[in-house]
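Before any comments, here is the structure.
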Amino acid sequence: LRLRGVRCASSWSRFTAPPMVYISGEEMSRYTMELIMDKWVKPSVDISKWEFYDLSCKERDATNDQVLKDAVAAGARIGSIFKEPTITPTKKQMASMGLSRPLGSPNGLMRRGWNGITISRDTIHIPGIELGFKRPVLFERHAVGGEYGAGWKKVGKGRVLTTFFPESMDEGKPIIVDGREVKDDRSCVVVYDNPLDNVEDLAHIFFQRCLEAKVVPYVVTKKTVFKWQEGFWQIMKEVFDAKYKADFLQAGLLEKTHGELQHLISDAATMQIIRWTDGGFGMACHNYDGDMLTDEVAQVHRSPGFITSNLIGKREDGALIKEFEASHGTVADLWHAHLRGEETSMNPLGMVVALLGSMDHAAALAQDPKAIEVTSHFTKCCQAAVYEAFRSGKGTRDMAGPEGSTTEQFVNTVAEDLLR
Ligand code: NAD
């Protein structure tokens with residue numbers, strides 16, 4: 001492999017990667033990452049400064065979930081995290097794995113532990129291959145709030161009063177948020193809150209990323225009907241007008257939106273995502289909308305394997321904590337095929353982009369120019385080798401069709417190219 005005329009392996013000497021957290025998960029995605037670590041990373045990179053946490057169900061069960069708490073604490077301390085997909089076990093999986101207690105999704109604890117601001121989800125593009133969108137599509141999904149943390153109860157006929165009590169009663173009296181009559185025999189009452197303190201941080205991250213990628217920014221809500229969503233839009237617009245509008249105008253990125261930041265209603269956004277296949281846009285939205293819309297983006301762009309998923313939080317010292325993962329799950333069906341001895345073809349691109357992103361961020365946090373240079377050289381070569389495998393028809397079968405590589409062949413092709 002030649003990158004900018006340089007033979008990769010011969011142009012680097014083994015280097016020590018700056019500290020980061022590596023979280024392993026389960027099934028096919030774990031198996032594939034083990035191959036990649038053994039064949040692409042370990043031959044060239046000394047990873048002795050990385051901290052490893054095993055978030056398999058077995059390990060979480062055996063440690064009474066201490067391993068998850070330790071992983072979150074390490075992530076907050078170090079600031080750069082790679083995470084493989086994990087399983088949040090169903091009752092059936094609890095029984096089949098012999099787990100002693102239910103295990104919750106690790107995501108909530110991570111988002112809280114790392115002061116999660118946003119989950120950035122972007123399309124991945126392989127130069128020379130057209131996927132769904134021609135140019136990048138960027139998403140900023142608010143990492144907190146909404147339906148995910150809702151409290152709820154099944155109720156019958158009656159009345160509901162939702163009252164807010166200020167933390168300090170000196171600062172004000174209780175406020176009645178809502179009072180309503182429930183008229184059905186069977187209903188569900190749901191209560192949730194929507195934090196706004198970190199929307200300003202989200203706005204800065206979003207607009208800076210849109211500017212860098214040269215894409216048109218949109219803010220997506222359903223505020224016309226859900227009046228409480230007005231606050232999100234207002235904060236985004238204030239930050240935009242005060243800090244970014246001039247730069248976007250200068251870059252010619254507001255021509256389609258009449259020189260202003262444009263708001264899109266979320267149902268209109270679902271349609272535009274299918275129509276705007278030229279790409280070149282970014283959307284910032286609430287938590288649940290972001291969850292749905294980014295799955296739609298993944299489908300238009302051919303596969304969840306071609307979408308990044310990075311949780312961005314903030315350390316107390318202001319440095320950004322970044323957790324990088326693929327947007328797909330553990331790819332359980334291929335794992336079961338693998339266990340049956342059948343051939344599989346798992347596309348590792350999403351996980352690889354995540355791993356390389358976490359290595360680059362770890363180097364940036366280390367603030368050591370040499371570490372940044374050697375890490376970036378390795379990650380660029382690795383990425384180029386993966387792209388080259390796809391371009392030369394040796395990609396996995398989701399891209400290359402039935403003639404494409406198996407999971408193991410793909411890893412070997414890239415390894416040979418990298419170490420040539
Ligand atoms: P999945 O993303 O693992 O798979 C969905 C389908 O897409 C499967 O048919 C799979 O073969 C295919 N697929 C996905 N990624 C692929 C890739 N890179 N290459 C080839 N094919 C790919 O989702 P699922 O089957 O619904 O979930 C499996 C497990 O993953 C569940 O236990 C779920 O809880 C977990 N999960 C974890 C995360 C996470 O940790 N971030 C996210 C989603 C699901």
Side-chain angles (χ1 to χ4, degrees), residues 22-33 35-36 53-60 68 71-72 75 81-97 99 102-111 114 116 119-121 123-124 126 131 141 143 148 287 290-292 294-299 301-311 323-340 342-355 358 386 389-390 395-402 404-411 414:
Y22 187 111
I23 294 177
S24 33
E26 212 106 32
E27 299 189 316
M28 196 65 195
S29 45
R30 177 173 182 143
Y31 165 74
T32 307
M33 280 312 300
L35 293 178
I36 287 172
Y53 295 87
D54 178 359
L55 290 194
S56 64
C57 294
K58 276 221 152 71
E59 186 64 14
R60 287 180 64 191
L68 173 59
V72 171
I81 305 110
F82 166 73
K83 179 182 169 287
E84 293 173 6
T86 48
I87 290 178
T88 304
T90 57
K91 275 198 178 134
K92 203 168 147 200
Q93 285 171 318
M94 265 185 70
S96 70
M97 289 191 238
L99 306 179
L103 294 169
S105 157
N107 295 346
L109 196 67
M110 289 178 177
R111 286 176 203 170
W114 299 334
I119 301 160
S120 301
R121 291 200 170 147
T123 51
I124 296 171
I126 303 172
L131 296 167
R141 166 186 167 191
Y148 300 85
N287 203 349
D291 195 351
M292 299 291 114
T294 54
D295 274 349
E296 194 190 4
V297 168
Q299 280 314 305
H301 203 50
R302 295 246 318 233
S303 153
F306 299 125
I307 305 287
T308 63
S309 187
N310 303 333
L311 171 66
E323 181 233 16
F324 299 77
E325 56 179 307
S327 70
H328 57 74
T330 58
V331 193
D333 48 357
L334 294 194
W335 179 239
H336 293 129
H338 174 77
L339 293 180
R340 288 194 299 271
E342 295 166 18
E343 276 188 356
T344 61
S345 183
M346 152 122 204
N347 179 351
L349 185 62
M351 291 193 298
V352 170
V353 169
L355 179 74
S358 55
V386 172
F390 276 110
T396 45
R397 292 174 185 167
D398 53 345
M399 283 290 296
S405 300
T406 62
T407 308
E408 295 79 4
Q409 283 165 347
F410 183 81
V411 174
V414 174

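Order of appearance sets the numbers: ligands from 1, and atoms from 1 within every ligand.
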Hey, would you say the Phe82 and Phe324 ring centroids sit under 6.0 Å apart?
-> no

Identify, by atom number and element, the atoms of ligand 1 in contact range of Glu325, meaning under 4.0 Å from any of its heavy atoms.
-> 41 (N)

Can you list the steps and then say if Thr32 with His338 is a side-chain contact (heavy atoms from CB on, under 4.5 Å)?
-> CA-CA 11 Å; Thr32 307; His338 174 77; over 6 Å; no

Glu84 touching ligand 1 at heavy-atom level, < 4.0 angstrom = no

Could you find the nearest protein heavy atom to atom 34 (O) of ligand 1 and give me its residue, atom name and distance?
-> Thr88 N, 4.0 Å

Atoms of ligand 1 less than 4.0 Å from Gly329 heavy atoms?
-> 1 (P), 2 (O), 3 (O), 30 (O), 36 (N), 37 (C), 38 (C), 42 (C), 43 (C), 44 (C)

For atom 40 (O) of ligand 1, decide whether some protein heavy-atom distance is shorter than 4.0 Å.
-> yes

Between Lys83 and ligand 1, which part of the residue brings a heavy atom under 4.0 Å of the ligand: side chain, backbone, both or neither?
-> side chain

Tyr31 and Glu408 side chains, donor-acceptor separation under 3.5 Å | yes

Nearest protein heavy atom with distance in Å, relative to atom 11 (O) of ligand 1 = Asp333 OD1, 2.7 Å

For Lys83 and Pro106, work out which heavy atoms get closest and say how close.
-> CE-CG, 4.5 Å

Heavy-atom distance to atom 37 (C) of ligand 1: which of Thr86, Asn347, Thr344 wins?
-> Thr86

Return the residue, atom name and 0.1 Å-rounded distance of the protein heavy atom closest to atom 22 (C) of ligand 1.
-> Val331 CG1, 4.0 Å

Thr344 and Thr407 side chains, donor-acceptor separation under 3.5 Å = yes

Atom indices of ligand 1 within 4.0 angstrom of Met346 heavy atoms, with elements = 18 (N), 19 (N)

With sequence neighbours excluded, what pairs up with Arg60 under the salt bridge (charged side-chain N to carboxylate O under 4.0 Å, His left out) test?
-> Asp65

Using a distance threshold of 4.0 Å (strictly less than), state whether atom 2 (O) of ligand 1 has a protein heavy-atom neighbour.
-> yes

Can you sort out the partners of Ser327 under side-chain hydrogen bond (donor to acceptor under 3.5 Å, both in side chains), two or more places apart, ordered by chain and number?
-> none

Relative to Tyr148, does Arg141 satisfy both conditions: NZ or CZ under 6.0 angstrom from the six-membered ring centre, and within 45 degrees of the ring's axis?
-> yes

Protein heavy atoms: any of them under 4.0 Å from atom 27 (O) of ligand 1?
-> no

Donor-acceptor contact present, side-chain Gln299 to main-chain Glu296, <3.5 Å = no

Residues Arg121 and Thr294: side-chain donor-acceptor under 3.5 angstrom = yes

Run the numbers for me: atoms of ligand 1, each under 4.0 Å from some heavy atom of Ile87, listed by number.
-> 32 (O)

Distance from atom 30 (O) of ligand 1 to nearest protein heavy atom, with residue and atom = Thr330 N, 3.0 Å

Among protein heavy atoms, which sits nearest to atom 25 (O) of ligand 1, and what does the distance come to when rounded to 0.1 Å?
-> Ala332 N, 4.8 Å

Is the closest protein non-hydrogen atom to atom 6 (C) of ligand 1 under 4.0 Å?
-> no

